[in-house]
Number of protein chains: 2
Amino acid sequence: MAAKEHAVDPPRDEAELLARARALAGRRLAEIAADQRVTAPPDLRHHKGWVGQLIERALGATAASRAVPDFIELGIELKTLPVDRRGRPVESTFVCTVPLAEVGEVPWERSRVRGKLAHVLWVVVQGERAITVGDRQVGAALLWRPTAAQEQALKDDWEELAGIIALGDIETITGRLGQFLQVRPKAAHSRVRRRSIDTEGEMIETLPRGFYLRATFTASILQEHFALPGG
Amino acid sequence: MAAKEHAVDPPRDEAELLARARALAGRRLAEIAADQRVTAPPDLRHHKGWVGQLIERALGATAASRAVPDFIELGIELKTLPVDRRGRPVESTFVCTVPLAEVGEVPWERSRVRGKLAHVLWVVVQGERAITVGDRQVGAALLWRPTAAQEQALKDDWEELAGIIALGDIETITGRLGQFLQVRPKAAHSRVRRRSIDTEGEMIETLPRGFYLRATFTASILQEHFALPGG
DNA sequence: ATGGATCCAGTGATGGATCCAT
DNA sequence: ATGGATCCATCACTGGATCCAT
């Protein structure tokens, strides 16, 4: 209930959302947390999603943990992007879980990956472990849509990965596949198994996996927008 | 954690399960609760499943809230049956939720209703509201399998109801249909809606519903076993 | 550097049923 | 009496991601 008392209304449009995100630039996470009557954890080992959820609340995101965009009316997905001192992403970015039954049934155009990445608000945050979580500062915000070239590259990766999964060969997939989009485990721990029906109608049990964007991909997004000629 | 300290091991076989259930006969729910370091609520308005869960723990049931039998290894389902002073059931008995996509695809023989009712341990408990929950006594226990006639009657009802659902006419179903097996709402409240795909591949949103046994059916089960000739 | 492993919070579905207006 | 409405606990899954051994 305490969390509701200072809840932020959903932004009315893109401009308001972007303005709010830019107003966070330069602020320390501890300050933003204080606005919400919460405190920053000492580190993120046991609170891995904390920064993302803090920024969601600060911006008035509505879709808490549901399979819809963070800003439903605007169709915009929020992603925080942890960076090092040079402004380079320090982690890959989780996109969505791999829907075993669906992949192989739907084309790229109707895939969850494309849906999630169609329109993203990237919010840069200091991500070096040497900096206490509360002392980390929010950086730039960027409302992004993939360029035609970026979408083609993601589509190529997706079709390669989806093809393998559709054949029932998900166990052969490693994080080494895919130039920009990769598949890696997404579970509480490696003993987790999830039941599903494959394309042949067979029952299978596998470790749950997710699609992730490699850090090289998100680095290129930041490059394009912030390392302009002469900048 | 406290609940684990006095946890009861799963019964090894039918005989042990039945013996344990019969050992509860005559005991007050408050006594059984005390064994588990819990206390009986004043009434069941806000604790509707409390009695069933108390007896589950007392007997060593393993399948907490999962879509498998309560006693997995034995394939036995536990049902508490609230009765009035004459020993007649005061409520219908919930069997399982209506699986919209599945009904119409599978025959009675592979239906969830038949699976749940194939082997049931009925545990009679006083159910009159005039008696405080803690003061209610456990009654007889009965390990039951449907007779051929009972199964045929349930199958007839199921096929009528499943046929209507398969046609996409679930909204026309009322609790009045079915001689022994009926379909009624099963949800937190009447505004709940659940998405599903019907047999035509259409997206539908309906109030979640469940299959229930009418009290007349469970009354007949008790009759057969406890009102023997000369008894 | 990075691929495999892991952690928390919140939602939705299921299982335990009984309540209550008519 | 009973058909429609309702209530709690638990588990599975998703979404938020980062950790860490190599």
Within a strict 4.5 Å, meaning less than it, do heavy atoms of the [X] and [Y] side chains meet?
X: A/T62; Y: A/F71; value: no
X: A/L81; Y: A/V123; value: no
X: B/Y212; Y: B/V95; value: no

Checklist entry - Is B/R214 paired with B/D157 through a side-chain N to carboxylate O contact shorter than 4.0 Å? => result no

[X] [atom1] to [N] [atom2], straight-line distance once rounded to whole Å:
X: A/F217; N: C/dG3; atom1: CZ; atom2: C1'; result: 20 Å
X: B/L100; N: C/dT14; atom1: CG; atom2: C1'; result: 14 Å
X: A/Y212; N: D/dG15; atom1: OH; atom2: P; result: 12 Å
X: A/R195; N: D/dC13; atom1: CZ; atom2: P; result: 8 Å
X: A/Q182; N: C/dT2; atom1: CD; atom2: C1'; result: 8 Å
X: B/L78; N: C/dG16; atom1: CG; atom2: P; result: 8 Å
X: B/L177; N: D/dG3; atom1: CG; atom2: P; result: 10 Å
X: A/L44; N: C/dA9; atom1: CG; atom2: P; result: 13 Å

According to a strict under-4.0 Å criterion, is [X] in side-chain N/O contact with OP1 or OP2 of [N]?
X: A/H46; N: C/dC7; result: no
X: A/S92; N: C/dT2; result: no
X: A/R129; N: D/dC19; result: yes
X: B/S190; N: D/dT6; result: yes
X: A/Q53; N: D/dA17; result: no
X: B/R214; N: D/dG3; result: yes
X: A/R194; N: D/dT14; result: yes

Checklist entry - What is the distance from atom CZ of A/R184 to atom CG of A/L177, rounded to the nearest 0.5 Å? => result 13.0 Å

Checklist entry - Could you give the distance from CG (B/L213) to OG (B/S92), rounded to the nearest 0.5 Å? => result 8.5 Å

Base, sugar-phosphate, or nothing: which does [X] touch, judged by heavy atoms less than 4.0 Å apart?
X: B/G49; result: base
X: A/K79; result: sugar-phosphate
X: A/R184; result: base
X: B/P82; result: sugar-phosphate
X: B/A215; result: nothing

Checklist entry - Which one of B/R195, B/R194, B/R193 satisfies the salt bridge (charged side-chain N to carboxylate O under 4.0 Å, His left out) criterion with B/E205? => result B/R195

Checklist entry - Taking atom types as modelled and ignoring hydrogens, do the side chains of B/Q137 and B/R28 form a donor-acceptor contact shorter than 3.5 angstrom? => result no

Checklist entry - Parallel under 30°, tilted from 30 to 60°, perpendicular over 60°: which one fits the rings of B/F217 and B/F180? => result tilted

Checklist entry - Among C/dG15, D/dC7, D/dA17, which nucleotide sits nearest the side chain of B/T97? => result C/dG15

Item to check | Nucleotide of D/dT6, D/dG16, C/dG4 approaching A/R176 most closely (side-chain heavy atoms) | outcome: C/dG4

Checklist entry - With a 3.5 Å cut-off and just heavy-atom distances, do the side chain of A/E91 and the base of D/dC19 make a donor-acceptor pair? => result yes

Item to check | Any N/O donor-acceptor pair, A/K186 side-chain to D/dG16 base, under 3.5 Å | outcome: yes

Checklist entry - With nearest nucleotides of DNA chain C determined for A/H47 and A/T216 from heavy-atom distances, which residue corresponds to the more 5′ nucleotide? => result A/T216

Item to check | 5' priority, DNA chain C, between A/R191 and B/G52 [closest heavy atom] | outcome: A/R191

Next on the checklist: Please convert DNA chain C into dot-bracket. A pair counts if it is Watson-Crick or G-U wobble with both distances under 3.5 Å; crossing pairs go in [ ] and bases paired with another strand get |.
Outcome noted: ||||||||||||||||||||||

